[in-house]
Structures are given as C-alpha cells and as structure tokens.
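Worksheet: one structure, shown below.
Numbers for residues simply follow the sequence, beginning at 1. Since this is a predicted model, take the numbers as computed values, not measurements.
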Amino acid sequence: MGGVEEHIFNLSQCLLSRGHKVVILTHSYGDRKGVRYMTNGLKVYYIPIKVFYNQVILPTMICNVPLLRYILLRERIEIVHGHSAFSTLAHEAMNVGQLLGLRSVFTDHSLFGFADLSAVVTNKFLEISLSNCNHCICVSHTGKENTVLRAKVHRDKVSVIPNAVDTAHFTPNPCQRPSDPDRINVIVVSRLVYRKGVDLLAGILPKLKNQPNVHFIIGGDGPKRALLEEIREKNNMQDRVTMLGGLEHSQVRDVLTQGHIFLNTSLTEAYCMAIVEAASCGLQVVSTRVGGIPEVLPENLIILTEPTVDSVYRGLMTAIRREAEKKQIGSIYLNGDLGGLLASREQLVMCPFERNNIVAHLYNWDNVTARTEKVYRKVMLEKESPLGQMMVNCLRSGVWPFLLVISLCHLLMRFLDWFVPRKFIDLCPLDNPFWEGALAARQRSTNRQSLNDVRVHVHHHPSGSSSSFRKKRHKHPADY
C-alpha cells in the first residue's frame, strides 16, 4: 500500500465513524474478485477487470459502463469520488456517474510536468475528464497550482486538503535504536524508482564510505534496486547498507523507529506521506525541496536541500552533526553539568515525542474528513448538468472527437435502462450494521444535521495506476 491507498482507507474509516456508508471499487488483484468487507464494514468491490499495464486497466471508456452503472445504482450512489490522475477506472466511473446525474469529486495526489510528450497527453486527458467534475481536491497548494494549470480547472473549483498520518500508530520508540552510542542509522523508505531520486541516493552512498558510524537501512523495491546494490558492492559497504526489500505498510513504523535520520530524495512530490510518518516517529527529516514538500513540515522538523547530490549530502551531514551533538549533550547531562549548551541547542535536542505531538496537531484524519465533508455538502447543492451542458464543457478542451465517446456512452446507458431496468436492480441497504449502535448513541447525544448522500472513491495503486472506488451514504436521524 502506498500513500493513496492509505489516504483512502483512513478517510473511509473516519467517514464510517461519522455515520456514512463507504464503498470502494477497484479492479481484481489476481484471483481476488467479488465483494469483500474490511475493517468496520468497509465494503470493497473487486470487479473482474484485469490490469493492462503497471496496475492500470485498459482505457476503453465504454466496455465497463454496464458494470459501473449497475454498481452505482445498486449502492444508491450520489457522489463519485475519484483518486489519482493515472487511474483509468476512476475517470471512467466519474464519467458514468455524471451521465447518471450524480455529483463527482476528484482528488489529485501527484504533480506532472508540461514539456515531455507523456505529460502533454496525460494533461489533455485530465482536462477532458475534469471538464464536468463538480470539484477537485489537491493535497498541497503547489499541487493546486499544478492541477489548475495543466487541467485548466477554475481555481474556485479546487480545494486544498492535505493528507494526514495516524500519529497513534506512528509513535517513537527510542528503545529500538541501536545500542551502540556512536552508531547513527539513516532510514530510506520509498519505491526504488527514478521519480524517488534513487540516483541521488546512489551518489551519496560513496561519499559516506569513510563515515563508519553511519549506517543506511533502505526499505522498498523497484527497478533501481540493482543500482543501489551495485554501489554497495563497489564501495564495500555491505555491512553498513541494509536492503530490506518491499515492505508492508504495517512494517514501516518498526523500521522507522530503528533510525535517527530519515532521508527523502524525491525529484517530485505533491505531499510526501513518508516524511510526515518519519517525523511522527521522532526522526530528523532531510528532504529535497521539490513540489509541495516545503509546505508539509515546519522548519524545526525538516532540513530542506536542493535535488542535487552535493546539496543532499550537505543536508545529511548537517543532520548527522546535529545527532552527534545531541549525543554529546546527553553525555554532558549524565555528568551533571549542561551549562549554557542546552540553551543554544534547543532545536537539536527536541524530544521524539514532542515531534510526534507537533505532527498530531498539524495533521489528523478527523480534520481531513471534516474538510472533505464540506466539499461533499457543496457539490450536493449544485444542479445536475444536462447532457448538452456536459458536451459543451468537453468541447472547451478542443478535443471534439471526445463528444462521440460521451454520446456513445449516453446511448449505451439508455439501452441499458431498457435492457436492465432500474426497477429490477436489487438495492443495497443504506445502513452499516457495524456502526449502528455507536451511531445511534451519537445521534441521540449530538442531534446534528446529517449528510444524506453516498460517496464512491476511486484510486490509483502507488506503483502504477490501479483504481479503487468508494462511496458514502449518511443515515438520517429518523432512520434510527
């Protein structure tokens, strides 16, 4: 699981706790097909659509219309929430939802360029897809600027809602750090691909081969792993560079707590969940100054560098020097005399648990969920767009042949209304029995106004473009 999956799962759990019904829709994973239930009644449709390339389905636009229509009607959807620009299933589901008169929300989790051919094609398709989207969400202000420019979305239709981290899970544990007082562990946890700056990391390792007290623990897998292993062999650093391979997200915290410094060398990031999780675990963070990263953490929690080998090396050495000074301060403290040293090193000796507390106040899922609900309420007040208006909006992108796709989808939907009438589709219950008792107690005590809608979330797999769907429905107090 990557950042997008974590975002969707945690957002779903908070929506469930607020009384909404959430359903995820994604493609099949191997033999995993059908409907599954996850934590707290989170319903997941693994629809029988095979991936085409790099965890993304083939973009047919019309072949999946019957199945998507059936699920949207069966679950009584009112809002389709798509995640990730690369998710083909997300965009197809949003298109089907718009033709059904549903509202659509899109969350963009990445940054894209404007110059290379792949970016130009992706941006144009995103512009077409978002031409009828009711509202967009970006995880940083830099991401918002990027989406507004490349997808030509009006800035008033884009909101900034950051990711969050479960600080109750990502807690410091200094006891897991090495017992050797001179050893400093540098943690790297990311996909080993070009976008994550693995080439920068490969350039830094040889510069530290004469620092015997500095050890690297690298978690993650990808096509650039062979490069790191080659650098490790050439510089005889086998005993100081540990390659853990791919990690489950549940294992990340146990790896982070073993380190003193977290190193992120990404070349592009809209938000970067990894540095927030590392700071929550009490590590010093060294990261490249790219994308939305400068917005994420305050200056006392992060050392920002330029995306070059020399700059990242200097930033890492600064963090190593601070860590050594912290150990020196600890030794002086044990001898009973700090003098004026502590006053001038207040930032350097910040307690790991204090770092966790700062992150907990900056980013929490309750706040993210409340802000997302405001977006949902706003789009529910908007009027349904007729087919003519939808086609006019698509025409503004300049790709008039796409009108034929919209028209064909519309005709297919009309045929399905005759071939599979809505009255013959079994409707799923709107309540969630897993939360009914807790919600009833909450409704009796708070008497708050509820949201009467359903959400569908569609998302993208971190290594490529998988798609996942979710929906949300809130019960009226009278239902209890």
Would you tell me whether [X] and [Y] have side-chain atoms, one donor and one acceptor, within less than 3.5 Å of each other?
X: Ser131; Y: Asn393; value: no
X: Ser397; Y: Glu127; value: no
X: Thr308; Y: Asp310; value: no

Applying ring pair (Phe, Tyr, Trp, His ring centres under 6.0 Å), run through Phe106 and His91 and close with a yes or a no. CA-CA 9 Å; Phe106 175 76; His91 297 298; 5.4 Å; yes
Check: [X] side chain, [Y] main-chain N or O, donor-acceptor pair, under 3.5 Å:
X: Arg253; Y: Thr171; result: yes
X: Thr288; Y: Pro307; result: no
X: Arg103; Y: Glu382; result: yes
X: Ser28; Y: Ile49; result: yes
X: Asn356; Y: Ser280; result: yes
X: Asn134; Y: Ser104; result: yes

Please assess Tyr70 against Tyr45 for the test ring pair (Phe, Tyr, Trp, His ring centres under 6.0 Å), listing each intermediate value before the final yes or no. CA-CA 12 Å; Tyr70 189 91; Tyr45 280 85; 9.3 Å; no
Would you call [X] and [Y] a side-chain contact if the rule is heavy atoms closer than 4.5 Å?
X: Asn95; Y: Cys409; value: yes
X: Met413; Y: Val96; value: yes
X: Thr122; Y: Phe86; value: yes
X: Phe9; Y: His249; value: no
X: Val359; Y: Glu277; value: no

Decide, yes or no, whether a salt bridge links Glu306 with Arg289 under the criterion of side-chain N to carboxylate O below 4.0 Å.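 The answer is yes: the pair qualifies as a salt bridge.
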Going by an N to O cut-off under 4.0 Å, is there a salt bridge joining Lys196 and Glu269?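 Looking at Lys196 and Glu269, the cut-off is met.
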Out of the candidates Asn64, Leu89, Thr26, Ile57, only one should pair with Ile47 under the side chain to side chain contact (heavy atoms under 4.5 Å, CB included) rule; please name it.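 Result: among Asn64, Leu89, Thr26, Ile57, Leu89 is the only option passing the side chain to side chain contact (heavy atoms under 4.5 Å, CB included) with Ile47.
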Heavy-atom neighbours of Tyr46 OH exceed 12 at 6.0 Å: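 Buried by this count: over 12 neighbours within 6.0 Å.
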Hey, is CZ on Arg371 packed in by over 12 heavy atoms from elsewhere, all under 6.0 Å?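 Atom CZ in Arg371 is crowded, with more than 12 foreign heavy atoms closer than 6.0 Å.
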Straight-line distance of Asn185 CG to Gln258 CD, nearest 0.5 Å: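 Here the interatomic distance stands at 7.0 Å.
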